[in-house]
Structure formats: structure tokens, C-alpha cells
Number of protein chains: 2
Amino acid sequence: MVAVTPTNTSRRAAPRPVDKFDRRRDELAESALTTLGELGYARASLREIAGNSPFSHGVVHYYFDDKLELVIYSIRYYKARCVTRYDAVVRDSTSPAELVEAFAAKLAQTIRDEAPMHRLWYDLRIQSMFEEPLREAITEIDGTLQAMIWRVVDRYATLSGRPPSVNASAAYGMLDGLFQQALLAYATLGDEVLDGLATQVRAVLPLLVR
Amino acid sequence: MVAVTPTNTSRRAAPRPVDKFDRRRDELAESALTTLGELGYARASLREIAGNSPFSHGVVHYYFDDKLELVIYSIRYYKARCVTRYDAVVRDSTSPAELVEAFAAKLAQTIRDEAPMHRLWYDLRIQSMFEEPLREAITEIDGTLQAMIWRVVDRYATLSGRPPSVNASAAYGMLDGLFQQALLAYATLGDEVLDGLATQVRAVLPLLVR
DNA sequence: GCCTGAGCTTGACACTTGTCAAGAGATGTT
DNA sequence: AACATCTCTTGACAAGTGTCAAGCTCAGGC
């Protein structure tokens, strides 16, 4: 044993299917995301995660060193897909008003479609304040999210012909605050909060340019 | 047994010291807050909490039905004290600029002095999305925090002689977002982020009035 | 046909958790 | 002094945790 099993992080020394190993990791990540999104970081056990996958609980340690590596891999896997969410909005809008509408609608749709993923994200971000090993990955992802939001605000400024009134960090902090507030209310009140979010965004975006 | 121990929530049927029971609850809440602030909701066990108190782990169930009641009681106990934090700022400021400075300074000081309490608050608020029993208390406290922030913004508007440009919910969402962002960065970078927070607040408050 | 090793399952381990019952001390009333 | 009740400690329980070792299954190379 010991050296036979593929030591996970350093990959297998394996043959042909160059990334069959990676594909399984992605598959496990997908299952993990489902469970984590439902139960949160603390309450999602590896057995539960494996239970929502085609595999048994032991397999997790075949592909990941420990729970933390699985969780970090999973959230990275998810966020890699989702940081481009607003790029179409930025690309296709031709007027400030159009961009505001498209952005507001996309934010609301994000909550409607992927609330569990986002409460997981906020859960992990908070946990990173308690658990140092999470911090690096979280910080990095948070940076890409800030850049994503800034592309929207910057484009809005350009279309308006006015300069931004706050920097990227402040813009992200404020809009993320609004989004999180809406997500929180969504847990209790459901769909009815989404219009409110759109209204707030319509009111706030104009404040972010001079 | 069964009916002898004071059934906790319904109180003891006890004698004179009308609130000795309540004082112990407060004492336990204080210890619980220390531990919860250090470890977070998920990792703070009742044994650890009791370990940071003058009592043994069994005593918790003498004063509280279960862990959840202790946690909710504790966070309420804390927030009851802290929702008045900015009242002096509101009361004593006589110009918009003065209020902005006092508010910004107080926000930064809050992070410096009570970071663990606030990351606990955010932790619990997020957990309330996964654990329904937490929701009611969290929602209520969040409302009082929003009112607290609104008193500041409203006062700022009055002093400026201009009406607010957003409603209470949006103002709270945005400022809370900035605060949380600073708290998060504070965990990694320490004191140096606090000036940044003050700068952001100076830039943002003026945007909240017309 | 046998062997090897990757992929996966099973079952166990050491440990922690919330909870609670039994009972010891303390306190104060009668 | 005796009693009852409050207060608190101790020790146990069952359930659940992450982890990991042993071994099963099966495809591919000799």
C-alpha cells in the first residue's frame, strides 16, 4: 500500500485516459456541490456527499486528500463557470438603461436558479475567517468576483459617458451586500424579493458614476 | 425527575432571587460568545463553551433546552447591547462632515475591537439559510441593525439638507456589504484595512443623499 | 490463463458531538 | 436538626464524524 494508491494531489502515474482521474474529481465535485448547497459546509458529511453520488463514501479519499481539498476543489470548480455570468450583459448592452435592466434581471435570475450555490459560497467565505486553510482559495475567488462586477460597473460608466464614483472594491462590496441581503430574504420570502432586488439595483447603479 | 428540574424555558418556579436564573444564563451567554466568536457556530461544542466558563458541560442543559437556544440567547444578548453603538454619533454630530468622520471611525473601531463577535454574527446569519430554527431570531436582529444604520443615514440626510437617495433596506445592504468586506480582509491583512474602510465610507455616504 | 494494478466497496478505527440521568453539595426554610 | 429544592458535576449513551486499511472486481498486457 502507501505508495500504490495514487497519492491524490500528485495525481496517478497512470496510462492513457489522461484525465479520467480528473473527470472523476469533477463528477465528485458536482455531487459535493449539491449536498453542500443543501446542507452547508458544516453539516455536509462525506457520507452524505457520497450518498448523492454514484459512489461509496470511501472513494472520496481515493480522489481527494481530505474533506477540505474536496470542498475547495468543488467551489473552485463551480466559480470557474460562474464568473462569466455577466459577460454577455456587458457585451450586448448598448445603453446605460439597457445595461441596468439586463444586469438587474440577471442578478434576480441568479438567485432564482442557483440560490443553494450562492449560500454555499457565502458560507465558505465566512468559514474562511475561522478556518485559515480555506482563506487562500476564497480570497482568490473573491478577487475574480470583484473583477466580474467591476466589468459591469466600468461598462456602465463608459456607456454613460461618466467616470465611476467609487473604486472596484467599494462597488463590489456594496453590490455584493445587496445581493446577499436579497439571497437571505429569498430564503424566507421566496420569489417576491426578486423584484425588490431589481429595483434596488436600478437605484444604486446610477450612484456609482458621477 | 422530569418535572423537578426547572424545564428551562418555562423558568424555575423558584423563590426570591427573581433573576439569579437569568443572571446565570447571561453568564453562560458571555462564555458562549467568547467561544463562538473564536471557533464559529459549527465548531464550538458545548464542552468547549463550558470549558471557557466557570462551569461544567452539563450545566448548559440546566439553563438551556439545547444548543440552539443557547446560541440564539447569546447572540440576542450581544446584539441588544450593540445596536446602540452609533447612537452617540447620530446625537453628537452637528455637520455632515462630522457625522461621516465619526461614523467611519466608529465602524473601523468596531472591527478592531470586536471582530470575533461580528464574524460570529455573519456566520449565524448565513447558517440561518440552512437551519430554519435560527431564522426568526436572525431576521429580527437584522431588522434592528437596519434601523440602526438608517438612523445614521437619515441623520446625515437631515444635516445635509438633502433627502436620502435610497431606502433603508438598500442603505443597510450596501453599508453592511462594505463592513463585511472589511471584516473579511481584516482576518488576513489586519489593521491596515481599516483606513480603507473609512475611506470607502467617506466616498459612499454622500452617494446616499441626493 | 494468469497477473497486475486501477477503481471502488466495505467495514472498522478513534474521536467528537449533543443530550441526559444520577447523584453530590449547597442553600435556606421550617 | 431535618428537609426540600436549587445548583452543579460526573459519567454515560447513541449517533455521527473524518479517515484509512483491507480486499473485491474487472480490464489489459504478457
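Note that the structure is predicted; figures quoted are calculated from it, not measured. Residue numbers start from 1 in every chain, and the chains themselves are labelled A, B, ... in the order their sequence lines are given, proteins ahead of strands.
Checked against side-chain hydrogen bond (donor to acceptor under 3.5 Å, both in side chains), Ser169(B) has the following partners two or more places apart in sequence or in another chain: Gln181(A), Gln200(A). Tyr156(A) meets the side-chain hydrogen bond (donor to acceptor under 3.5 Å, both in side chains) test with no other residue; sequence neighbours excluded. Take Asp191(A) and apply the salt bridge (Lys or Arg N to Asp or Glu O under 4.0 Å) test, not counting sequence neighbours, and it matches Arg112(A).
A ring pair (Phe, Tyr, Trp, His ring centres under 6.0 Å) check over residues 108-150 of chain A, counting only residues at least two apart or in different chains, returns the pairs His118(A)-Phe179(A).
At dA6(C), none of the side-chain N or O atoms of Arg24(A) fall inside 4.0 Å of OP1 or OP2 (strictly under the cut-off). Remark: Tyr63(A) is in phosphate contact with dC8(C), judged by side-chain N or O atoms under 4.0 Å from OP1 or OP2. Between Tyr62(A) and the phosphate of dC8(C), there is no side-chain N or O to OP1/OP2 separation shorter than 4.0 Å.
Listed candidates were dC8(D), dT9(C), dT10(C). Nearest to the side chain of Phe55(A) is dT9(C). Comparing dT10(D), dA12(C), dG7(C) against the side chain of Ser56(B) picks out dT10(D) as the nearest.
Shown here is Glu98(B), whose CD atom has more than 12 heavy atoms of other residues, nucleotides or ligands within 6.0 Å.
Put simply, the side chain of Glu114(A) never gets that close to the backbone of Thr110(A): no donor and acceptor are under 3.5 Å apart.
Rounded to whole angstrom, the span from the NE2 atom of His57(A) across to the C1' atom of dC20(D) amounts to 9 Å. A straight line from CG of Leu39(A) to C1' of dT17(D) spans 14 Å, rounded to a whole angstrom. Distance CG (Leu68(A)) to P (dT17(D)): 17 Å, rounded to an integer number of Å. Separating the CD1 atom of Ile49(A) from the P atom of dG16(D) is a distance of 16 Å, rounded to the nearest angstrom. Across the protein-nucleic acid pair, Phe64(B) atom CZ and dC20(C) atom P stand 15 Å apart, rounded to whole Å. Whole-Å rounding puts the Lys20(A) NZ to dC26(D) C1' distance at 11 Å.
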Can you give the donor-acceptor pairs under 3.5 Å from side chains of residues 47-59 of chain A to other protein atoms, not counting sequence neighbours?
residue	atom	partner	partner atom	Å
Asn52(A)	ND2	Thr35(A)	OG1	2.8
Ser53(A)	OG	Ala50(A)	O	2.8
Ser53(A)	OG	Phe55(A)	N	3.0

Polar-atom pairs under 3.5 Å, protein N or O versus N or O of nucleotides 15-18 of chain C: list them with distances, or write none.
residue	atom	partner	partner atom	Å
dG18(C)	OP1	Lys67(B)	NZ	3.0
dG18(C)	OP2	Leu46(B)	N	2.9
dG18(C)	N7	Arg47(B)	NH1	2.8
dG18(C)	O6	Arg47(B)	NH2	2.9

